[in-house]
Amino acid sequence: AKKERAILESVVESGSGYAAQVGGATVIGKTGTAETGNPEPDAWFTGTATAGGKSVTIALLVEKGESGADCAAPRASNVLYTALEEVGGL
């Protein structure tokens, strides 16, 4: 599990999930682009953010979002930030 966590952490630290970072939190996750047969693919991000002893996990899908890195990851950052605030992590 340590190896998998390190891989998911690197996705957010320096890979396609870079835009999912949340200040003051550790975020791990994975972006993706799903071919659906439509002209525009769907974009997704799934991940977990931890801060202040609290963790939140999300799966976010943007229909016709083109790219997980460009579309889903920035939105995930906003959702993770708000969720951590709600649970008292930030």
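None of these values were measured; they are calculated from a predicted model.
Counting only residues at least two apart or in different chains, side chain to side chain donor-acceptor pair (under 3.5 Å) contacts with residues 58-82 comprise Y81-E85. Counting only residues at least two apart or in different chains, side chain to side chain donor-acceptor pair (under 3.5 Å) contacts with residues 6-30 comprise S16-T31.
There is a path of hydrophobic side-chain contacts, each under 4.5 Å, that joins V12 to I58. When hydrophobic clusters are built by joining Ile, Leu, Val, Met, Phe, Trp and Tyr residues whose side-chain heavy atoms come closer than 4.5 Å, directly or via intermediates, L8 is not grouped with F45.
The two residues P39 and P41 make their nearest non-hydrogen contact at O-CD, 3.9 Å. For the residue pair T33 and G68, the shortest heavy atom distance occurs at OG1-N, 3.3 Å. Among all heavy-atom pairs drawn from G65 and C71, the shortest one is O-CB, 3.0 Å.
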For I28 and V11: C-alpha separation, side-chain torsions, deciding distance, then whether side-chain contact (heavy atoms from CB on, under 4.5 Å) applies. CA-CA 7 Å; I28 65 170; V11 169; over 6 Å; no
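Separation of atoms OG1 (T46) and CG (L60) is listed at 9.0 Å; rounding is to 0.5 Å. Interatomic distance, K54 NZ to L90 CG, rounded to the nearest 0.5 Å: 12.0 Å.
When side chains are defined from C-beta on, L80 counts as touching V27, because their heavy atoms get closer than 4.5 Å.
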